[in-house]
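The next block holds one structure in the form of structure tokens; read it before the comments.
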Amino acid sequence: MESIETAAGPIDADRLGNVLSHEHIFVVNDDYRVNFLPDWDEQDQIDAAVATLTRLKASGIDTLMDVSVPGLGRNVERIAAVADRVDLNIVLATGLYTYHDLPFQFHYTGPGLGFDAPDPLERRFVRDLTVGIGRSAIRAGFLYCAIESEGLSTGVERVMRAVGRAAVETGAPVVVHTNPHTASGLVAQRVLAEEGVDLSRVRMSHCGDTTDLDYLMRLADAGSLLGLDRFGVDVLLPYADRMRTLLALIERGYSDRIMLSQDAFCFSDWFEPASLAEAAPDWDYFQVTGRVIPDLLAAGVSREVIDTMMRAVPRAFLTRSAGSSVSSDAVITVADFEKTGFSPEKP
């Protein structure tokens, strides 16, 4: 049995169960927290996260992939304190999150400085995957990087290539934050392939932010998995459009390339809570279990297809096994879906 690294130690792959493939628990940069969040209470925040994730487990989720890495405030001790108190597998990431520049700690080390030395980014990523994160023995289970509308800047490319080399060295899979409106997933595929990464081991995040099926199928046809992972973020794309995109991809036979999630969090220092509640009132951990899956079932999508997206595909991604396919007769057509009278506008 293959094992998966989690915040509470390695588990057998058959314990993954239903997986949310792109979430955060805490997005809080400690430099910002120490200087600008004087009311932060560490224990209260951990207790609140435990309560929320306990509800998430009760909703039917067994595993959460936490994509928070340096640049998003990863704190392995804080996550471990949560993991010790919840019956939920938390798989951690390594990598570095930037849309443009590298942190100053990497400006004066690494390639292009007049001497031949390995990139310290790569070595740190490999250590997280093989030894442990920080002073802990908790190992990351996958790699994470980003390419946004700013494009392939020098800093973004250096991180992505270091992620690619670490993936090849360790066999770890890669998740990439992308912006589908700039087709940045295609750029990521090119760069990672140049580093020797198997694109079937790459998941492109935020594909559900677009209705451009041609673009999404192009990513999938090149081998990559599609993250439809922002259900509830209607400010970026309404729920009805996200559901139509998901159903259209299922109709076309891509359910074995899809993973579902919400990109939610227990706490984020990116947003003021009151403003967030007004802008995205439905954005939480419970959209997939409480809304998406019931709506898929109501539309006639089979439990087999749902299990493929929630169980088989994430398991194959986090291990080295090949993904399973779904027969064409396991899905319905969008035309059949529309005949049911079901409306994805309704919760």
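- Arg252 places a side-chain N or O within donor-acceptor distance of the main-chain N or O of Ala248, the cut-off being under 3.5 Å.
- Across all non-hydrogen atoms, the minimal contact from Gly208 to Leu237 is O-CD2, 3.2 Å.
- Nearest heavy-atom pair across Leu96 and Val159 is O-CG1, 3.5 Å.
- Taking both residues in full, the closest heavy atoms of Ile4 and Ala13 are given as CG1-CA, 4.0 Å, listed atom of the first, atom of the second, then distance.
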Decide yes or no on side-chain hydrogen bond (donor to acceptor under 3.5 Å, both in side chains) for His100 and Ser153, but give the supporting numbers first. CA-CA 6 Å; His100 197 276; Ser153 68; 4.5 Å; no

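- When side chains are defined from C-beta on, Leu225 does not count as touching Val202, because their heavy atoms never get closer than 4.5 Å.
- A side-chain donor-acceptor contact under 3.5 Å links Asp229 to the backbone of His206.
- For the pair Ile25 and Tyr285, the minimum side-chain heavy-atom distance is below 4.5 Å.
- In this structure, the side chain of Arg78 does not engage the main chain of Ile46 through any donor-acceptor pair within 3.5 Å.
- Contact of the His181 side chain with the Leu236 side chain is not registered, since no non-hydrogen atoms from C-beta on lie closer than 4.5 Å.
- Ser184 places a side-chain N or O within 3.5 Å of a backbone atom of Asn179 that can act as its donor or acceptor partner.
- Judged by the 6.0 Å and 45° rule, Arg158 forms no cation-pi pair with Phe106.
- Remark: side-chain polar atoms of Glu122 are not paired, donor with acceptor, to backbone N or O of Ala166 under 3.5 angstrom.
- Formation of a donor-acceptor pair under 3.5 Å by the Asp263 side chain with backbone atoms of Glu23 is not found in this model.
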Is there a salt bridge (charged side-chain N to carboxylate O under 4.0 Å, His left out) between Arg190 and Glu195? Walk through the geometry before answering. CA-CA 9 Å; Arg190 174 181 63 79; Glu195 295 297 334; over 6 Å; no

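- For the residue pair Thr210 / Asp212, no side-chain donor-acceptor distance below 3.5 Å is found, with atom types taken as modelled.
- Within the model, atoms CD of Gln105 and CG of Leu121 stand 11.0 Å from one another, a figure rounded to the nearest 0.5 Å.
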Please report the C-alpha distance between Arg161 and Glu194 in whole Å, then the side-chain angles of each, then the deciding distance to 0.1 Å, and finally whether the salt bridge (charged side-chain N to carboxylate O under 4.0 Å, His left out) criterion is met. CA-CA 9 Å; Arg161 291 192 181 279; Glu194 288 172 355; 2.6 Å; yes

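- Atom OG1 of Thr289 sits about 7.5 Å away from atom CG of Leu20, to the nearest 0.5 Å.
- Judged by distance alone, the side chain of Gln189 and the main-chain N or O of Leu219 form a donor-acceptor pair under 3.5 Å.
- At a threshold of 4.5 Å between non-hydrogen side-chain atoms, the residues Leu216 and Asp214 do not count as touching.
- When all heavy atoms are compared, the tightest approach of Leu318 to Phe142 is CD2-CD2, 4.3 Å.
- Counting only distance, with no hydrogens or angles, the side chain of Ser136 and the backbone of Ile133 share a donor-acceptor pair below 3.5 Å.
- Seen from the ring of Phe317, Arg203 does not count as a face-on cation partner, given the 6.0 Å and 45° thresholds.
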Asp209/Arg230 under salt bridge (charged side-chain N to carboxylate O under 4.0 Å, His left out): CA gap, chis, key distance, verdict: CA-CA 7 Å; Asp209 287 356; Arg230 277 182 171 165; 2.6 Å; yes

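- Rounding to the nearest 0.5 Å gives a distance of 8.5 Å between CG of Asn75 and CZ of Phe26.
- Using cut-offs of 30° and 60° on the angle between ring planes, the pair Phe271 and Phe265 is parallel.
- Judged by distance alone, with hydrogens and angles left aside, the side-chain atoms of His177 form no donor-acceptor pair with the main-chain N or O of Ile147 at under 3.5 Å.
- The two residues His24 and Ser68 have their closest heavy-atom pair at ND1-OG, 2.8 Å.
- To the nearest 0.5 angstrom, Leu247 atom CG is 11.5 Å from Ser255 atom OG.
- Judged by distance alone, the side chains of Gln45 and Asp41 never bring a donor and an acceptor atom under 3.5 Å apart.
- Crowding of Arg85 atom CZ: a count of heavy atoms from other residues, nucleotides or ligands under 6.0 Å exceeding 12.
- Side-chain contact between Met309 and Ile250: present, with at least one pair of heavy atoms (C-beta onward) separated by less than 4.5 Å.
- Glu169 has a carboxylate O that lies under 4.0 Å from a charged side-chain N of Arg123, or vice versa, which qualifies the two as a salt bridge.
- A cation-pi arrangement is not found for Arg291 relative to Phe286, the charged atom failing to lie both closer than 6.0 Å to the ring centre and inside a 45° cone about the ring normal.
- Between the side chains of Tyr254 and Asp221, at least one donor-acceptor pair of N or O atoms lies under 3.5 Å.
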Decide side-chain contact (heavy atoms from CB on, under 4.5 Å) for Val27 and Phe267; before the verdict, give the C-alpha distance in whole Å, the side-chain angles of both, and the deciding distance to 0.1 Å. CA-CA 6 Å; Val27 178; Phe267 180 91; over 6 Å; no

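- Contact detail for Ala280 and Gly232: the closest heavy-atom pair is CB-O, 4.3 Å.
- Note that CG of Asn35 and CG of Asn29 are 9.5 Å apart. Values are rounded to the nearest 0.5 Å.
- Contact check on Arg15 versus Asp62 returns no salt bridge, with no Lys/Arg side-chain nitrogen under 4.0 Å from an Asp/Glu carboxylate oxygen.
- The aromatic ring centres of Tyr144 and His22 sit less than 6.0 Å apart.
- For Arg315 (side chain) and Met310 (main-chain N/O), no donor-acceptor pair under 3.5 Å exists by modelled atom type.
- Partner of Arg74 under the side-chain hydrogen bond (donor to acceptor under 3.5 Å, both in side chains) criterion, out of Asp66, Asp128, Asp30: Asp128 alone.
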